[in-house]
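Proteins get letters first, then strands, A, B, ... in listed order; numbering begins at 1 in each. Quick caveat: nothing in here was measured; it's all calculated off a predicted structure.
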There are 2 protein chains.
Amino acid sequence: MERFVSTYAMRLDSKGRMSIPAPFRALIARDGLEHVYCHPALDLPVLQAGGARLMAGIDSLIERYPPYSEAREELAAALYGSIETLRLDPEGRVMLSEGLKTHAQIRDEATLVGVGDSFRIWEPIRFRAHLAEAKAKVRILKQQFGSQGATRDSRADGA
Amino acid sequence: MERFVSTYAMRLDSKGRMSIPAPFRALIARDGLEHVYCHPALDLPVLQAGGARLMAGIDSLIERYPPYSEAREELAAALYGSIETLRLDPEGRVMLSEGLKTHAQIRDEATLVGVGDSFRIWEPIRFRAHLAEAKAKVRILKQQFGSQGATRDSRADGA
DNA sequence: TTGACGCCCATAAATACCCATGGTATCCCA
DNA sequence: TGGGATACCATGGGTATTTATGGGCGTCAA
């Protein structure tokens, strides 16, 4: 397995720990990491997490700008500054900081959703709402494009 | 861990000492250093600090200019001349000089922000304002990239 | 002597590690 | 093919260690 896929419902225990699903852990371990990178999404109440690929994506975004340029400095502050490294304990759990939990409105449950190079951490109810919205948008697109989208996408959106 | 990432809120005690967060200390120690390099930013009320990579970055910045050129001399004076080496005490704390504190308007609280090869030291309120600006710009950048096509980059930069 | 600075120790809170448990899926063998 | 044993996993909690912070004391220099 080389991509983060599937959705998992996880719980946070009384200490605030949350297990990372074993398949996700396997990908992290393949990067030689003992921690998960995690940062709040810019515009949505969700966290983005992952391993080396997530970090590489952020690096490449920053490296589009000349060293010491103002844009680069600000991007670095906004992106690197918001990243937290969540150490995996021997059982494969992490602790979400208060800041991260607040951003995603997470209390004691979380939905982890694989999105390829990384995975997202949602508060379960918000995830359901977001998913419903996303499905609705896909439906509209399908209507607009008609026959074009009527094959694979109809399976992807679970209709 | 190989980069300065994340944001930490630290306090200065009555003696003016400030703890360097353990993850930052680990990076400094990896350079074999027992001190932190620190200098005022040229254009913002913030301090830039770090280890060997910070110094290397400053070197390369200066080396962009022709040897013995006036610009180079001035830059070298402005950068090298303003660098202070802040010794780490046995508990991992440093003392900010009056000059550094004045430049960043720091009194008894500071926000330390990882920006990859180095970290920044902000007065907390000023940091919040700066971050809000930076985020706004990142949003704009994201829109620009987003409109180019929804491929890999739209995942890399985090929803 | 006085103040600035470095070292030492103290402490509370946060964190990391250890072991335990119950459930589930898988495997193996009759 | 069925059923028991097994391995893995998510979760729970106790305990040791680390961390950030505070304060005391000695030393060195002005």
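At a threshold of 4.5 Å between non-hydrogen side-chain atoms, the residues B/Asp89 and B/Arg17 count as touching. Contact of the A/Met18 side chain with the A/Ile121 side chain is registered, since non-hydrogen atoms from C-beta on lie closer than 4.5 Å. For the pair A/Met55 and B/Val5, the minimum side-chain heavy-atom distance is below 4.5 Å. Using a 4.5 Å heavy-atom threshold, the side chains of B/Ile20 and B/Met10 count as separate.
For the pair A/Glu123 (side chain) and A/Ile125 (backbone), a donor-acceptor distance under 3.5 Å is present. Using a distance-only test at 3.5 Å, with no hydrogens or angles considered, no donor-acceptor pair links the side chain of A/Ser69 to the main chain of A/Tyr65.
For B/Lys137, the salt bridge (charged side-chain N to carboxylate O under 4.0 Å, His left out) criterion is met by A/Glu70, A/Glu74, not counting sequence neighbours. Here A/Glu63 pairs with nothing under the salt bridge (charged side-chain N to carboxylate O under 4.0 Å, His left out) rule; sequence neighbours left out. Residues passing the side-chain hydrogen bond (donor to acceptor under 3.5 Å, both in side chains) test with A/Arg126 are A/Gln105, sequence neighbours excluded. Partners of A/Glu133 according to the salt bridge (charged side-chain N to carboxylate O under 4.0 Å, His left out) rule, which considers only residues two or more places apart in sequence or in another chain, do not exist here. A/Asp59 is linked by a side-chain hydrogen bond (donor to acceptor under 3.5 Å, both in side chains) to A/Tyr80, B/Arg3, counting only residues two or more places apart in sequence or in another chain.
For the pair B/Tyr8 OH and C/dT15 P, the interatomic distance rounds to 10 Å; values are reported in whole Å. Rounding to whole angstrom units, CG of residue B/Asp89 and P of D/dG24 are separated by 17 Å. Note: CG (A/Leu86) to C1' (C/dT15) measures 13 Å, nearest angstrom. The distance from atom CD of A/Glu84 to atom P of C/dT15 is 10 Å, rounded to the nearest whole Å. Between A/Met95 atom CE and D/dG12 atom C1' the separation is 14 Å, expressed in whole Å. Counting to the nearest Å, the P atom of C/dT15 and the CG atom of A/Leu88 are 15 Å from each other. The separation between A/His35 atom NE2 and C/dA16 atom P is 12 Å, rounded to whole Å. Following rounding to the nearest Å, A/Arg87 (CZ) and C/dT15 (P) show an atom-to-atom distance of 10 Å.
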Less than 3.5 Å apart, which donor and acceptor atoms pair up between the side chains of residues 32-45 of chain B and the rest of the protein, not counting sequence neighbours?
from	atom 1	to	atom 2	distance (Å)
B/His35	NE2	B/Tyr37	OH	3.3

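For the pair A/Phe4 and A/Ser118, the tightest heavy-atom approach, listed with the atom from each and the gap, is CB-O, 3.3 Å. The two atoms that bring A/Gly92 and A/Arg25 nearest to each other are CA-CD, 3.4 Å, heavy atoms only.
Heavy atoms from other residues, nucleotides or ligands lying under 6.0 Å from CZ of A/Arg107 number 12 at most.
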Anything under 3.5 Å between a protein N or O and an N or O of nucleotides 26-29 of chain D, put it in a table, one pair a line.
none

Between the protein and nucleotides 9-14 of chain C, list every N/O to N/O distance that falls short of 3.5 Å.
from	atom 1	to	atom 2	distance (Å)
C/dC9	N4	B/Glu91	OE2	3.1

Could you list the protein-to-nucleotides 22-25 of chain C atom pairs, N/O on both sides, closer than 3.5 Å?
none

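Near DNA chain C, defined here as any heavy-atom distance below 4.0 Å, there are no residues from residues 107-117 of chain B. Listed by residue number, the members of residues 10-21 of chain B with any heavy atom below 4.0 angstrom from DNA chain C are B/Lys15, B/Arg17.
Using a 3.5 Å distance cut-off with no hydrogens or angles, the side chains of B/Ser19 and B/Glu91 do not pair a donor with an acceptor.
B/Trp122 and B/Phe127 have tilted rings, their planes meeting at an angle from 30° to 60° on a 0 to 90° scale.
Under the 4.5 Å side-chain heavy-atom criterion for grouping Ile, Leu, Val, Met, Phe, Trp and Tyr, B/Val46 is not connected to B/Ile58 through any hydrophobic cluster.
Comparing the start and finish of the helix from C/dT1-D/dA30 to C/dA30-D/dT1, five pairs each, the helix axis swings through 30°, to the nearest 10 degrees.
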